[in-house]
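Written out below as structure tokens is the structure these notes cover.
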Amino acid sequence: MTLRLYDTRTAQVRDFQPLEPGKVSLYYCGATVQGNPHVGHVRSAVAFDILIRWLEASGYDVLSVRNVTDIDDKILEKSSASFAEDFQPSPDYPAQEPWFALAYRFEQAFHQAYDALGVLRPRYEPRATGHITEMHALIQRLVDSGHAYPATDGSGDVYFDVRSWAAYGELTRQNLEQMQDAPDADPRGKRDPRDFALWKGHKSGEPETAAWDSPWGPGRPGWHLECSAMATKYLGEDFDIHGGGLDLRFPHHENELAQSAAAGHGFAQFWLHNGMVTFEGEKMSKSLGNTISPEEMLAEARPKAVRYFLGQAHYRSQLVYKPGSLQEAEAALERIEQFIARAHPDSTVDSRQGVPPAFQQAMDDDLNVPAALAVLHETVRAGNTALDNEDDDAAQALGSQAAEMLRILGISEVPEPQTAGGPGDAALGQLVEKMLSSRAEAKAAKDFARADAIRDQLASAGVHIEDTPQGTQWSVKSGG
RNA sequence: GGUGGGGUGGCCGAGUGGUGAGGCAGCGGCCUGCAAAGCCGUUAACGCGGGUUCGAUUCCCGUCCCCACCUCCA
């Protein structure tokens with residue numbers, strides 16, 4: 001069975017055939033680095049990370065590219081606000097900061113969040129500001145072919161002429177005539193209100209550092225242009241997959257497609273979009289204030305559990321977060337991990353050969369992770385049964401499969417938060433061992449009241465204990 | 001107004017024209033001094049109204065509701 005993926009443009013699940021056998025070229029939209037990452041960013045990153053890992057497990061060489069939008073209106077606004085007289089410092093924006101410093105700082109915050117969740121770094125991670133030359137070439141090409149024009153109001157803007165491109169709207173199957181005009185659309189020097197900026201002329205008051213010379217006057221790139229320019233540079237005029245959040249379909253991806261296609265490029269064969277994360281069903285957004293940040297999630301549960309949670313729904317589905325979600329993920333994950341630890345799996349092969357056919361089928365079916373997880377849980381149950389029956393060979397085989405599934409989903413690849421190593425650890429260990437030996441003595445003396453009191457005492461301190469045939473095991477329960 | 005996607009058991013969340021995933025939570029049992037972990041069993045769902053069909057949660061029509069996008073957004 002081959003991989004099938006849902007393509008937004010054709011609105012159907014299709015067989016995935018890469019342009020070049022054995023290789024996959026993938027571009028997915030990263031963040032505009034104007035603030036700290038929120039859960040939606042990392043959900044998207046996890047979704048495409050799972051895609052990449054599955055492609056690699058299936059034997060493909062994946063050339064992945066994720067952009068960093070490090071120049072845009074919001075970045076300039078946030079920076080400019082930090083220099084305003086009424087500036088109120090906040091944790092995210094603590095001090096006066098030039099736009100490029102602000103962008104750089106948040107770019108690093110994004111890396112931290114991605115790394116903490118085991119998201120593989122893309123092969124290339126180009127910044128918009130590093131590709132002005134490529135953007136100019138693309139604009140010129142569009143101007144020359146009659147699909148773009150300099151603004152008629154002398155602003156220095158250059159717009160894409162949507163009416164010059166008959167296919168405009170094809171990605172989201174929208175009819176230009178029936179689109180709702182943006183209520184705050186600024187017609188400026190546009191031929192049509194829906195024309196979008198390829199290049200934004202420099203305005204007085206904006207920092208000089210945010211302006212680049214161009215044939216149309218000094219200015220800075222429009223948002224959509226960078227992705228077209230960079231995807232083409234790193235992946236070619238035709239490539240396999242373009243991804244991003246559902247909210248990017250329009251206008252961002254629609255415009256990307258229009259400008260690239262109008263420039264004569266084939267562009268992406270497949271358009272993939274991940275669903276939104278909601279807070280109890282409502283869209284999370286800063287303006288609504290119902291957000292939970294990746295940082296807050298990581299404070300509440302182990303990184304692996306956070307990753308499990310973010311990946312557990314189908315990537316195209318809405319992912320509902322609610323208080324308790326992370327604890328549920330933690331419980332499910334612990335069951336898997338405990339089985340694997342008891343099964344002593346072989347060193348696993350990192351490929352689709354190491355997982356059950358049902359798991360392969362689920363993943364091949366447009367990355368049906370929920371169904372794949374069902375296979376994983378069934379494997380765990382079968383493995384536990386084997387352990388109970390002391391069938392160690394079967395348990396080990398199932399353990400290897402479970403470990404491999406966890407690895408392909410990227411969950412076991414999430415780095416453990418560093419907790420060990422401090423001098424406190426040794427002290428804690430000694431104290432716990434001391435109490436456990438007291439408890440063992442009490443148990444031996446059949447003084448169960450005292451034994452249970454010790455267990456309760458440890459529990460109230462967050463130390464969880466478990467009597468096993470190999471003796472009493474203990475662990476510190478993380479989070480709430 | 002346009003476009004896309006939804007409404008599944010207490011919660012999360014797949015899927016299918018006929019024997020109704022999986023997880024979390026709950027209940028009963030085994031195990032345990034009691035627990036924990038694990039195993040076994042178990043409770044429980046397909047928005048509403050029609051239609052097609054031997055049979056629909058799955059297809060069709062209607063209807064209600066929800067979400068996203070059409071403005072910066074993963």
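Numbers restart at 1 for each chain; the letters A, B, ... are given by sequence-line order, proteins then strands.
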TODO: Could you work out the separation of B:A36 and B:C27 based on their P atoms and round it to a whole Å?
DONE: 11 Å
Open item on the list: With a 3.5 Å cut-off and heavy atoms only, can you find an N or O donor on one side and an acceptor on the other between the side chain of A:N368 and the base of B:G15?
Closed with: no
Task: Closest-nucleotide ordering on RNA chain B, the 5'-leading residue of A:A313 and A:Y6 - done: A:Y6
- [ ] Have a look at A:S325 and say if it touches a base, only the backbone sugar-phosphate, or nothing, with a 4.0 Å heavy-atom cut-off.
- [x] nothing
TODO: With P as the reference atom in both, quote the distance from B:C24 to B:C39 in angstrom, rounded to an integer.
DONE: 9 Å
Open item on the list: Give me the distance, rounded to whole Å, that separates B:G51 from B:G15 when you measure between the P atoms they each carry.
Closed with: 29 Å
TODO: Look up atom CG in A:L63 and atom CZ in A:R123, then write down how far apart they are to the nearest 0.5 Å.
DONE: 5.0 Å
TODO: Please state how far atom NE2 in A:H253 lies from atom C1' in B:U3, giving the value in whole angstrom units.
DONE: 17 Å
Task: P-based separation of B:A68 from B:C60 [nearest Å] - done: 26 Å
- [ ] Quick one: label A:H273 by what it contacts on the DNA or RNA (base, sugar-phosphate, nothing), any heavy atom closer than 4.0 Å.
- [x] nothing
TODO: Please name the residue in the list A:D72, A:D70, A:D73 that meets the salt bridge (charged side-chain N to carboxylate O under 4.0 Å, His left out) test with A:R220.
DONE: A:D73
Task: Heavy-atom closest pair, residues A:N67 and A:C29 - done: OD1-CA, 3.2 Å
Open item on the list: Regarding B:A74, can its base be found pairing with the side chain of A:H38 as donor and acceptor, where the two atoms are less than 3.5 Å apart?
Closed with: yes
Task: Nearest-nucleotide comparison on RNA chain B, the residue closer to the 5′ end among A:N175 and A:Y315 - done: A:N175
Open item on the list: Can you classify the ring geometry of A:W54 versus A:F359 as parallel (below 30°), tilted (30 to 60°) or perpendicular (above 60°)?
Closed with: perpendicular
Open item on the list: In whole Å, I'd like the distance from the CD atom of A:E226 to the P atom of B:C72.
Closed with: 14 Å
Open item on the list: Can you check the distance between B:C46 and B:A35, where both ends of the measurement are the P atom (answer in whole Å)?
Closed with: 36 Å
Open item on the list: Students often get this wrong, so: under 4.0 angstrom with heavy atoms, is A:R316 touching a base, only sugar-phosphate, or nothing?
Closed with: nothing
Open item on the list: Can you identify which nucleotide, out of B:C39, B:A36, B:C69, has its nearest atom closest to the A:E466 side chain?
Closed with: B:A36
Open item on the list: Please report the distance separating the P of B:G62 from the corresponding atom of B:C40, rounded so that it comes out in whole Å.
Closed with: 47 Å
TODO: Would you mind telling me which of A:F160, A:F250, A:W165 makes a ring-ring contact (aromatic ring centres under 6.0 Å, His included) with A:F196?
DONE: A:F160
Open item on the list: Both distances below 3.5 Å, Watson-Crick or wobble geometry, any strand: find the nucleotide opposite B:C54.
Closed with: B:G18
Open item on the list: Please classify the nucleic acid contact of A:G40 as base, sugar-phosphate, or nothing, using heavy-atom distances under 4.0 Å.
Closed with: base
Task: Parallel, tilted or perpendicular: ring planes of A:H377 versus A:Y308, cut at 30 and 60 degrees - done: perpendicular
Open item on the list: In whole Å, measure the gap between the C1' atoms of B:G4 and B:U52 for me.
Closed with: 28 Å
TODO: Find out whether the Lys NZ or Arg CZ of A:R66 is both under 6.0 angstrom from the six-membered ring centre of A:Y114 and within 45° of the ring's axis.
DONE: yes
When you compare the protein's N or O atoms with those of nucleotides 17-22 of chain B, which come within less than 3.5 Å of each other, and at what distance?
unit_1, atom_1, unit_2, atom_2, d
B:G22, O2', A:H377, ND1, 3.1

Open item on the list: Should the side chain of A:Q174 and the base of B:G2 be counted as holding a donor-acceptor pair, with the cut-off at 3.5 Å?
Closed with: yes
Task: cation_pi(A:R191, A:Y159) dist<6.0 Å, angle<=45 - done: no
